[in-house]
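Chain letters run A, B, ... following the sequence lines, proteins first, then strands; residues in each count from 1.
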Amino acid sequence: MAAPVNKRSDCWRTPEVHKHHEQQRVCISRPKYREGRKAKAVKVYTINLESRYLMVQGVPAIGVMTELIQLCALYGVVEEYRPLDEYPAEEFTEVYLVKFQKLTSARAAKRNMDEKSFYGGVLHVCYVPEYETVEDTRLKLQDRRSYIARAARNRAKEREHTETTQESPTSLDAATSLSKILTRHEGTFKKENTREVLNVSHHSEFPPLPLPPQEHYSFRQKSYRRIVPTEDKMGTLHNAFSHLEQEQVESLGANATTSGRDRDTEGRLGSTPVSGVQFLPRIARLENRKRKMEQSEELAASSSGKNEPLIGPKLPEPPKLDMEDESLNTTVSHIRSTMKQVGSVPDLKPVEKKAKARRRI
Amino acid sequence: MRKNESAEAPERFAYLQSLVTEFQDTDSEEAKEQVLANLANFAYDPKNMEYLRELQVPDLFLDMLTEDNENFVEFGMGGLCNLSMDPECRDIILQSDGISLVTSCLSNRREETVLSAITTLMNLATPTTRSQLSEPGILQCMLRFSLAQSPRLRNLAAVFLQDCCSEEQVRQAQQQMQGHQTAIGIPLPKE
């Protein structure tokens, strides 16, 4: 990672203070039904406000630039960075400019780093599209357009798919739907491509997966989808959307890879849905315990850069749930039988779970 | 899948519908602003496009462009910027005479509104609308923006001039501008 000051490029000139760098006042007058989990300002997010350039304010001036860039690098490749010495900073803090290779990385970094404490300071992270070159801006818009077009095509395809087939949950179906989900994100999440390809092939390595594990597989996705977004510290609203999408890819990846490893536990995994899908209120205390665990694991998770580790260690826990409570066991079997009847395909559930979680933002 | 689809998709739809209803029913300017911003942000997610189309939100946003409240204009324009990325929404916007409504926002005082307008116009570019988008008035506007202080405005205008019209058209617009020398004096949007 180099931090050369590119004199030719317009983007490393003396910074100006723009209004959109400031944190806006949060709105406190929203009625309950459209209240998010996090207080936010009344603001509309468009692609124009996003950028792969981030400005990080509030970095304690104690020589932690390396640590800051290492932290940033957890969310994607950092192409360039430099301190913005000329930018007005609060006393004893520094301001940095960080240029990511991809917008999705910048988005993840902003979401995860903004308003987080860092060596005793609280970071304020914002997009700084004014550092883009004309070409940066063009590519950003093109990427966004093709992402939306692809999403539209996939939706149309999915609709056809749903109408024409009553799929049975064979592993083949799961594999195709998995790849379908993955292709939907291919452009925006190129970074994960290698992993995705790996996952798909990984998945098809086990074509004879029996039916019950398939159900669990989808259940697990379901429950994570439900839980993870709820627990997650959301960034801005639009971040939240894509965050969920990203999460989906990642949790899928984690599921695919762990399904081999944790096969012996799969039989018990059927209890997972209970925690996430329908009986949230009854096991609220268990949820809380989980939440605490997740929070403590987040540090560990960030050390490897992705959310996967978050998912891995959680797997063994659910079985305990259904040991504890007889009615929960009843519930599990009830859900199992319902699932058999429905005989559904896993791919749409994640989408809809996302839908649900998203709605609650 | 079928079960889920019938159980959950309507929830999303119903929520968006309740927003639209609140927007229409409320007398509170503040609530309207909040709901409008909500809807515009929902338009960022491709999953909502279909529902927003069904609820005629593209037309709702277009209506906002002629409001006096500048927040309404900004949020409506932002929503259109998000929606117009989707080809089907784009076509709806075009059918509702979107180009002229959006073009009128190029002279808005707020930079964010102008930026959304430029991006929206680029999104509205199709083989059939290209001639409309490259008319001298718009190009002269972009030429002025390309000289602006604000890098975001400058960059977006540059992309527009490079991608949405021919060099010849730009040259012609430049000549016309020199003809009656209006480049100086027209206020640029403030941030």
Non-hydrogen atoms of [X] and [Y] that approach each other most closely:
X: A/Thr46; Y: B/Cys81; result: CB-SG, 4.0 Å
X: B/Tyr44; Y: A/Ile148; result: O-CD1, 4.3 Å
X: A/Arg145; Y: B/Asn123; result: NE-OD1, 2.7 Å
X: A/Tyr45; Y: B/Asn41; result: N-OD1, 2.7 Å
X: B/Lys47; Y: A/Arg155; result: N-NH1, 4.1 Å

- [ ] Identify, with sequence neighbours excluded, every residue that meets salt bridge (charged side-chain N to carboxylate O under 4.0 Å, His left out) alongside B/Glu67.
- [x] none
Task: Top contributor to chain B contacts, counting heavy-atom pairs under 4.5 Å, from A/Leu141, A/Val134, A/Ile47, A/Thr137 - done: A/Val134
TODO: Just give me the residue among B/Ile118, B/Leu115, B/Asn71 that pairs up with chain A most often, heavy atom to heavy atom, under 4.5 Å.
DONE: B/Leu115
Open item on the list: Which one wins on heavy-atom pair count under 4.5 Å against chain A: B/Glu88, B/Met85, B/Met49?
Closed with: B/Met85
Open item on the list: So for B/Asp86, is it side chain, backbone, both, or neither that comes closer than 4.5 Å to the heavy atoms of chain A?
Closed with: both
What's the spacing between [X] [atom1] and [Y] [atom2] if we round to 0.5 Å?
X: B/Thr119; Y: A/Asn48; atom1: OG1; atom2: CG; result: 3.0 Å
X: B/Leu156; Y: A/Glu132; atom1: CG; atom2: CD; result: 8.5 Å
X: A/Glu130; Y: B/Gln149; atom1: CD; atom2: CD; result: 12.5 Å

- [ ] For the pair A/Arg159 and B/Glu50, find out whether any cationic side-chain nitrogen is under 4.0 Å from an anionic carboxylate oxygen.
- [x] yes
TODO: Please examine the side chains of B/Met77 and A/Val44, heavy atoms only from C-beta on, and report whether any two atoms are closer than 4.5 Å.
DONE: no
- [ ] Pull out the residues in residues 158-171 of chain B that come under 4.5 Å of chain A, heavy atom to heavy atom, sorted by number.
- [x] B/Ala158, B/Val159, B/Gln162, B/Asp163
